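What follows is a set of notes on a single structure, which appears directly below.
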Number of protein chains: 2
Amino acid sequence: MSDLPDYPRVAVTVDLVVLTVRDGELQVLTIRRGEEPFRGRWALPGGFLRPREDLHAAAARELMEETALPAEHVHLEQLASYGAPDRDPRMRTVTVAYLALAPDLPTPEAGSDAADARWQPVHTMLAGAELPFDHAEILRDGVERARAKLEYTPLATAFCAATFTIAELRRVYEVVWDTTLDARNFHRKVTKTEGFVVETPETTTRDGGRPARLYRAGSAPRLHPPLLR
Amino acid sequence: MSDLPDYPRVAVTVDLVVLTVRDGELQVLTIRRGEEPFRGRWALPGGFLRPREDLHAAAARELMEETALPAEHVHLEQLASYGAPDRDPRMRTVTVAYLALAPDLPTPEAGSDAADARWQPVHTMLAGAELPFDHAEILRDGVERARAKLEYTPLATAFCAATFTIAELRRVYEVVWDTTLDARNFHRKVTKTEGFVVETPETTTRDGGRPARLYRAGSAPRLHPPLLR
DNA sequence: CTCAATTAGCGTCAGTATGACGATAAGCCG
DNA sequence: CGGCTTATCGTCATACTGACGCTAATTGAG
């Protein structure tokens with residue numbers, strides 16, 4: 001089988017928008033670039049697709065390599081692809097961006113490729129022209145995807161630990177949507193929406209005040225009815 | 001600037017899931033392949049990304065070239081990317097799939113690349129192992145995207161002509177969702193949802209019975225409240 | 001030990017949306 | 001004209017929503 005050299009070849013990369021809720025704000029995982037171009041700048045983690053690697057596998061590998069996050073606790077889904085002809089000054093590239101949602105993990109620090117890894121507030125990274133390449137656009141799209149999916153999927157639980165209180169889940173919504181929600185109505189909706197959360201026998205007082213029941217994520221793939229902004 | 005030949009290159013293609021509602025069912029535009037592999041088989045339209053072409057531009061170009069559809073009346077959005085290492089027997093490829101929604105146009109026939117182009121029922125194309133490559137998976141994802149977006153966006157209007165009746169819009173929902181909807185409740189919801197449809201002065205009797213008012217698509221990017229399945 | 005502070009979780013109530021379906025309107029066709 | 005078809009408006013019981021009052025269960029200060 002010929003290699004059909006008459007069609008242009010492109011370098012395919014995978015970039016990651018890894019979001020978490022930390023210190024009451026939405027944060028994104030950034031790595032300090034160790035190579036040109038943009039050496040020393042904070043950027044989204046990512047890397048080249050390997051010759052016999054599936055896209056999702058590449059994203060999962062990058063997540064491990066560059067962020068050392070425990071993959072089993074991280075939601076990972078494809079976001080979108082970006083291929084403007086001049087998006088990378090080195091050569092023609094197309095990047096397949098993935099969106100990862102993680103709980104507030106202890107301290108995810110640098111892996112092998114990256115000189116350094118750090119959580120940074122999304123707001124900060126989008127304020128100036130911080131991010132190189134088209135990473136600001138990718139980050140914006142990732143945040144918008146997360147905001148939208150919180151409405152009609154139980155994905156907010158991906159920002160929480162294995163068990164969580166309703167208040168913790170509510171804070172996820174409040175941070176991602178940048179609104180405040182009535183705690184009582186939120187509690188009613190979440191517990192009445194079939195398959196969103198599952199009660200556990202435990203309670204916790206880690207948020208102070210009266211002990212709160214702990215829940216774990218339910219199995220419903222979608223929320224019926226949705227939680228509208 | 002060096003070409004960094006140490007990273008693997010991939011052939012990037014763009015494939016299209018072009019959907020319409022015809023004869024009371026959801027149909028997809030297929031082309032008969034004129035080249036190997038799978039010569040003579042019906043497949044999704046698509047082609048290679050050109051050296052200095054943006055992804056969206058490539059999708060729009062393919063839509064024109066292969067389907068001769070008037071692009072201004074077609075909604076086009078990125079769907080997802082597919083890059084399993086063996087998805088194309090010739091070489092390593094990654095395809096960026098786009099979803100296009102078109103009204104029931106007169107007769108979109110073959111363009112240059114394709115030996116033939118034809119609308120075919122989605123149900124038929126997904127029933128057996130009709131489609132080559134991973135096109136069945138892509139089509140399934142496209143249909144699922146369309147089904148979901150009908151709930152939260154006014155995208156159903158993309159399946160309609162420039163002006164349409166509420167009943168025509170309702171039939172779009174019924175076909176895409178494969179349900180029946182109460183005509184009176186649907187009328188109430190659509191006309192009360194801000195920015196979904198805009199009344200025009202005209203009416204039509206093309207559906208028989210009492211003349212129906214014609215509407216055109218509104219400007220709202222999302223439906224508030226959504227139309228739930 | 002008591003009390004204030006804090007957070008959880010239940011209850012109420014009015015306004016609104018929803019689904020089921022009746023009734024009327026306004027064309028067409030024979 | 002009378003019947004057929006489809007459009008559109010109306011009704012009504014029920015469900016959901018948002019605003020907000022109230023009680024429960026813990027912690028920590030004094």
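Keep in mind the model is a prediction, meaning the values are calculated, not measured. Chain letters run A, B, ... following the sequence lines, proteins first and then strands; every chain starts at 1.
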Between B:E202 (CD) and C:dG27 (P), how many Å, whole number?
-> 15 Å
From NE2 of A:H224 across to C1' of C:dT18 the rounded distance in Å is 15 Å
Stepwise side chain to side chain donor-acceptor pair (under 3.5 Å) check, B:T30 with B:Q120 = CA-CA 7 Å; B:T30 55; B:Q120 304 207 62; 3.0 Å; yes
Where does the angle between the aromatic ring planes of A:F38 and A:F133 fall among parallel (under 30°), tilted (30 to 60°) and perpendicular (over 60°)?
-> perpendicular
Give a yes or no on whether B:D178 atom CG has more than 12 heavy-atom contacts from other residues, nucleotides or ligands under 6.0 Å away.
-> no
Terminal contacting nucleotides, 5' and 3', DNA chain D versus chain A (heavy atom, 4.0 Å) | D:dT17 to D:dT26
Under 4.0 angstrom, heavy atoms only, what part of the nucleic acid is B:A167 near: base, sugar-phosphate, or nothing?
-> sugar-phosphate
Strictly under 6.0 Å, is that where the ring centroids of B:Y98 and B:H56 end up?
-> yes
Would A:T95 and A:D15 satisfy side chain to side chain donor-acceptor pair (under 3.5 Å), going step by step from the backbone distance to the final call?
-> CA-CA 6 Å; A:T95 195; A:D15 285 327; 2.9 Å; yes
Measure the distance from NE2 on B:H187 to C1' on C:dC21 and round it to the nearest whole Å.
-> 16 Å
Go through the steps for B:E77 and B:K149 under the test salt bridge (charged side-chain N to carboxylate O under 4.0 Å, His left out), then give the verdict.
-> CA-CA 12 Å; B:E77 69 176 28; B:K149 288 200 90 165; 2.7 Å; yes
Reckon A:R229 touches a base, only the sugar-phosphate, or nothing at all at heavy-atom distances under 4.0 Å?
-> nothing
Would B:R170 and B:E174 count as a salt bridge (charged side-chain N to carboxylate O under 4.0 Å, His left out) if you check the C-alpha gap in whole Å, the side-chain angles of each, and the deciding distance to 0.1 Å?
-> CA-CA 6 Å; B:R170 175 167 47 84; B:E174 292 181 332; 3.5 Å; yes
Check every atom of C:dA8, C:dG19, C:dG27 against the side chain of B:P211 and return the nucleotide holding the closest atom.
-> C:dG27
A:W42: ring pair (Phe, Tyr, Trp, His ring centres under 6.0 Å) partners, not counting sequence neighbours = none
Does B:K189 make a side-chain N or O approach to OP1 or OP2 of C:dA17 shorter than 4.0 Å?
-> no
Check every strand shown and say whether B:N185 touches a base, only sugar-phosphate, or nothing at a heavy-atom separation below 4.0 Å.
-> base
Is the shortest heavy-atom distance from the side chain of B:T157 to the side chain of B:L169 under 4.5 Å?
-> yes
Rounded off to whole Å, could you give me the CZ-to-P distance for the B:F186 and C:dA20 pair?
-> 15 Å
Could you list the residues that satisfy ring pair (Phe, Tyr, Trp, His ring centres under 6.0 Å) with B:F196, not counting sequence neighbours?
-> none
Produce the list of close N/O pairs, under 3.5 Å, pairing protein atoms with atoms of nucleotides 22-25 of chain C; give distances to one decimal.
unit_1: C:dG22; atom_1: N7; unit_2: B:R184; atom_2: NH1; d: 2.6
unit_1: C:dG22; atom_1: O6; unit_2: B:R184; atom_2: NH1; d: 3.2
unit_1: C:dA25; atom_1: O4'; unit_2: B:R210; atom_2: NH1; d: 3.3
unit_1: C:dA25; atom_1: N3; unit_2: B:R210; atom_2: NH1; d: 3.3

What integer distance in Å separates A:R188:CZ from C:dT12:P?
-> 12 Å
Please tell me which of A:R213 and B:G208 maps to the more 5' nucleotide of DNA chain C, matching each residue to the nucleotide holding its nearest heavy atom.
-> A:R213
Does A:F159 reach the side chain of A:V176, with side-chain heavy atoms less than 4.5 Å apart?
-> yes
Report the distance from atom NZ of A:K192 to atom C1' of C:dG11, rounded to the nearest whole Å.
-> 12 Å
Pairing residues for A:Y215 by the ring pair (Phe, Tyr, Trp, His ring centres under 6.0 Å) criterion, not counting sequence neighbours | none
Map every base of DNA chain D to its dot-bracket character, where paired means a Watson-Crick or G-U wobble contact with both distances under 3.5 Å and | marks a partner outside the strand.
-> ||||||||||||||||||||||||||||||
